[in-house]
Peer 1: 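If you scroll down you'll find the structure; I have some questions about it.
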Amino acid sequence: MIILDYETRSKVDLPASGLHVYASDFSTDIICLFMYDTDDDTSCGFLMPKCMPMVWRMKLKAATLVGAMNAAFDREIHDLIGVPDYSFPEIPDYKWYCIAAQCRVNALPSNLDDAARAAKVPNKKSQRGKQLIKLLSIPQEDGTFMESLDLRKEMLEYCKSDVIATVDLWRATRSMTQVEHNDWLINERMNTRGVKIDRDLALAATKYAAAEQSEIGAKLTALTDGLITKPTQYQRIKEYILGSMEDDENDRKLLKLMTTHKNDHKKLSLDRDIRESIITSIDADNLHLFEDVEDLIRLLHDASASSVAKFGKMLTMADPEDDRVRGAFIHAGAAQTHRFSSKGLQLHNMKRNCYDSEEAIAMKEVMMRNEPVPDVMQSLSKLLRPALVPDKGNKYVVGDWSAIEARALPWLSGDVRAERKLNMFRRGIDVYIEAAKDLGLGERQVGKVAELALGYGGAVGAFASMAKNYGVIKPDYEVKKIVVSWRNANPWAATFWHSLESAAKKAVRARGTKSFKAGKVVYTFAPNLLGGTLICVLPDGTGIQYPFCSIEHSDRGDNLVCLKAGIKPKAGDTSKHHWGVVRLWGGLLSENVTQAFCAALLRDKLRDCDWLDLPVVAHVHDEIILETAEIYAYRDKKLLKEVMESVPEYAQGLPLKADPIILDRYGNH
DNA sequence: TGCGGCGGCGCC
DNA sequence: AAAGGGCGCCGCCGCA
C-alpha cells in the first residue's frame, strides 16, 4: 500500500462547502504531497509544482491500494487536480482505502490526532500544523495566498509527520476486511451521486427565516430591555429568569421544572420539553409567572427551530452545477456500532414532521410571491425534507423497515421464549396492543412506549423519557409496575442482557483462547490488538470491537470497561485511563448488538442495491432512498421491497417488512 | 480573533 | 445496584 497525504489551498471554505465543491473549485491547488510505501518503508515528499519522481510515479501506478486518512479527500484532490493539472498517474476508485474508516471499525476516533492519542501511537503536536494551514491554505485578507517557500517546506514536514502517524495507526489497528472495504467503496459511490436540493425553495426559506429571526430578536430586545437579543442566548435567558425570581412558591415550582440531572449533578435547562411542561403548568393554572417571563418562554417556544439553519447549509454545500450535495455519509461513522453517520448536510436528523410534496409546492409559491407565512419557523422546519428533490425526470423510491430493532433484538436473543414476539411480527399482529395487554392495560400508546423504551435494560427513567415523546403520563409507582410487567412478559430480554455481559466477561478472562456465545452473537478477545480488544461477532460474520477492554474489580463486583471513542480526555490528562471509558453492562451490549446487526443488514442490502444498479442516494439507518428514472420507479419500488424483505441465510427466522413508496420530494411516510 | 466546551435541536 | 444509546450541527460563551 502507498499511504499518502495531500496538503492543499483554496478560496473555498472546506467545512462550509464540503469536499466536492472544494476540490472542484478552480482556486483549489496542491501545496504538497507526501507518500509512504508500506512494502519497503521508503517515502517521498515534494512541493508542487515540481514533478513527481519517476520511481514514485511507477510505485503509485503499481500500488495494490492507496491509503489515506479520509481517503475521499485525497482521492478527489488527486482526481480533480493531481491527474489533470500535474499528470499524476490515474488511480482507479477501487484502489483507494480509507485509514480513518479503518480506525472507526476498530472503534477508534476518526481524526488523526485523536486516533493516534487513543491508540497510543506517537504523533507530534499538531498545533503548528493548524497554524500552517491558516497561513498557507486559506486566503489572506486581500484574497491572495501567502507565497513562502520556507513555510511550504515546513508544511511538507508537517505533512510527512502526519503520514508517519497514519502509517503507525494503520499498523496498530486491524485492516478493514474485503467486505468492509467494499462497503466503504459502495458508500463512496453513493456520496459521489449526491442528493439534489431545491435551491429556490432553500433560498426562499433562508430569506423568511432571517426576517423572522430579526423580528423575534426585536421582540426579545423590547421585552427584556436589551438584555436578550436572540432566542439562542440560553445563558442570558436563564439569568434573566433567575433574576426575576423572589423565591415564592411559583418560583420554586418553576425552578423545579427547570432542574435536570446530568452526570449526577443538577443543572438548569430551558429546552423544549421543559418549556412545554412550564407552558402546560401555566395553562392549567398551576403556575403563575410575571408577564414578561411568561412572554419570554412562549416567545422562545415559537422561535426555536434551529433546524432551519440546514437550508443555509444546503445552499453552501450544493454543487452550483447541478444543485447536488455530495459526501454526506460516513461509513461506520458510529465507531461503537458501525452504523453510518452523516456529516456536512446532516441527513440523519431531518425533522420528521413535514409537508408532503403538494403542500411544499404551495408553500414555495407563497414564499415566491412574498406573501406572509403563519408560524414561520415551525412552517419552515416542515419544508426541510421536501427541500430534497429528485432530478428532473426522476422519482424517489423510499423504503423503510418496519420496527427493525424491535424485531432484531428478540431474534438476536435466540431464546425460544422470544418466538412469541417474533410470531406477532410474522403474522402482522399489532405488538403494541399485545404489549399493552401484557401490562394489564388497554392503552396502545403505553404498550408502544414500553416496547420502545424497555428493550435495552432501561427502567423507569427510560420509560419516562420515551413517554414524554408520546404524551403518555403515568405516576412513578405505576411506571415501576409497568417495567416489572414488561420484563415478566418478555423474559428473554433480561436473560439476553445477562448472558451478553457474562459471555463478554468470560471472553476477556479467556484472553483469546476461547469464544463465548450469547444468543446469536459470539464474543472473543484479541489480546494483542489495541490494549486488548473484545470482539463481538455478529450473525453475518462481521464484528464490532471494544478496544482497551478490561475487567476492573470493585467491592460491588467486576466491571467490564473499554475505551469509548466519543469521550475525549482533556489535553494533558494523565489519569489512569488515557482515554474516556465506558462500562459495558448488559443493557448497553444488547443495544450495541442490535444497532450493529441492523447496520450490518443495511450494508448487506446496499450491496444488493449496488449489484442491481438501484441508485441509492441516501439512507437513514432503517430506510433506503433511491433516486430513479420515473419510467423505472414502479419496477424499482418492487425491487427495493424484494431486496429489503429477503432474509439472508445468516438471518433465518428474522421477520423483515418494508413497503417502499414513490415520492416527488423527500418526506415522512 | 479563534477555538473548544456546552447547551440545545433533531433523528433512528 | 442501577442504568437509554448511537450520531452531528448550530450558536453562544469564556478562555487563550
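When reading the values below, keep in mind they use all heavy atoms of this one structure, side chains included, and skip hydrogens, waters and symmetry mates. Chain A is the first sequence line, chain B the second, and so forth, proteins listed ahead of strands; every chain is numbered from 1.
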Peer 1: Quick test of the criterion, 5.5 Å between centres and less than 30° between planes. Is A/Trp585 stacked on C/dA2 or not?
Peer 2: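 No, A/Trp585 does not stack on the base of C/dA2.
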Peer 1: I'd like to know if A/Arg272 pairs up with A/Glu276 as an ion pair, taking the criterion as any Lys NZ or Arg NE/NH1/NH2 lying under 4.0 Å from an Asp or Glu carboxylate oxygen.
Peer 2: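 Salt bridge flag = no for A/Glu276 with A/Arg272.
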Peer 1: Taking the minimum atom-to-atom distance to the side chain of A/Lys351, which one of C/dC13, B/dG10, B/dC12 wins?
Peer 2: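 Of all the options, the side chain of A/Lys351 is nearest to B/dG10.
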Peer 1: Reckon A/Gln595 touches a base, only the sugar-phosphate, or nothing at all at heavy-atom distances under 4.0 Å?
Peer 2: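 A/Gln595: base contact, heavy atoms under 4.0 Å.
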Peer 1: Does B/dG8 have its OP1 or OP2 closer than 4.0 Å to a side-chain nitrogen or oxygen of A/Gln235?
Peer 2: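 Looking at the OP1 and OP2 atoms of B/dG8, neither is under 4.0 Å from any side-chain N or O of A/Gln235.
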Peer 1: Is the shortest side-chain N to carboxylate O distance from A/Arg339 to A/Glu405 below 4.0 Å?
Peer 2: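 Result for this pair is yes, salt bridge flagged.
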Peer 1: Using 30° and 60° as the class boundaries, would you call the ring planes of A/His619 and A/Phe329 parallel, tilted or perpendicular?
Peer 2: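 Tilted: the ring planes of A/His619 and A/Phe329 meet at 30° to 60°.
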Peer 1: Which of these nucleotides, B/dC9, C/dG6, B/dG10, is closest to any side-chain atom of A/Tyr234?
Peer 2: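 Per side-chain heavy atoms of A/Tyr234, the pick is B/dC9.
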Peer 1: For A/Gly461, which contact category applies under a 4.0 Å heavy-atom criterion: base, sugar-phosphate, or nothing?
Peer 2: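 Sugar-phosphate, no base atom in range.
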Peer 1: Do any N or O atoms from the side chain of A/Glu501 and from the backbone of A/Gly586 form a donor-acceptor pair under 3.5 angstrom?
Peer 2: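 Side chain of A/Glu501 to backbone of A/Gly586, a donor-acceptor pair under 3.5 Å: yes, one is there.
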Peer 1: Report the relative orientation of the aromatic rings in A/Phe597 and A/Trp411; use parallel for angles under 30°, tilted for 30 to 60°, perpendicular for over 60°.
Peer 2: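 A/Phe597 and A/Trp411: parallel rings.
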Peer 1: Where along residues 337-344 of chain A does a heavy atom come under 4.0 Å from DNA chain C, residue by residue in number order?
Peer 2: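 By residue number: A/Arg339, A/Ser341, A/Ser342, A/Lys343, A/Gly344.
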Peer 1: Output the single nucleotide from B/dG10, C/dG6, C/dG11 whose closest atom is nearest the side chain of A/Ala309.
Peer 2: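 Closest of the options to the side chain of A/Ala309: C/dG11.
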Peer 1: Any idea which of B/dC11, C/dA2, C/dG11 is nearest the A/Arg352 side chain?
Peer 2: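 Nearest to the side-chain atoms of A/Arg352, counting from C-beta on, is B/dC11.
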Peer 1: Name the nucleic acid region contacted by A/Met466, choosing base, sugar-phosphate or nothing; use a 4.0 angstrom heavy-atom cut-off, strictly under.
Peer 2: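 Base contact - A/Met466 has a heavy atom under 4.0 Å of at least one base atom.
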Peer 1: Base, sugar-phosphate, or nothing: which does A/Ala335 touch, judged by heavy atoms less than 4.0 Å apart?
Peer 2: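 Sugar-phosphate only.
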Peer 1: Categorize A/Arg236 for me: base, sugar-phosphate, or nothing, with a 4.0 angstrom heavy-atom threshold over every strand shown.
Peer 2: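 The answer is sugar-phosphate, as A/Arg236 gets under 4.0 Å only of primed atoms, P, OP1 or OP2.
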Peer 1: Give me each pair satisfying salt bridge (charged side-chain N to carboxylate O under 4.0 Å, His left out) with a member in residues 447-460 of chain A, each pair once, sequence neighbours excluded.
Peer 2: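 Pairs touching residues 447-460 of chain A that pass the test: A/Lys421-A/Glu451.
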Peer 1: With heavy atoms under 4.0 Å as the rule, sort A/Leu270 into base, sugar-phosphate or nothing.
Peer 2: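 Sugar-phosphate: the residue A/Leu270, judged by heavy atoms under 4.0 Å, touches backbone atoms but no base.
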Peer 1: Got a sec, which residues hit salt bridge (Lys or Arg N to Asp or Glu O under 4.0 Å) with A/Glu212, two or more places apart in sequence or on another chain?
Peer 2: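 Testing A/Glu212 for salt bridge (Lys or Arg N to Asp or Glu O under 4.0 Å), a comparison that skips the adjacent residues, returns none.
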Peer 1: Which of the following nucleotides, C/dC12, B/dC9, C/dC13, is nearest to the side chain of A/Lys230?
Peer 2: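 Looking only at side-chain atoms, A/Lys230 lies closest to C/dC12.
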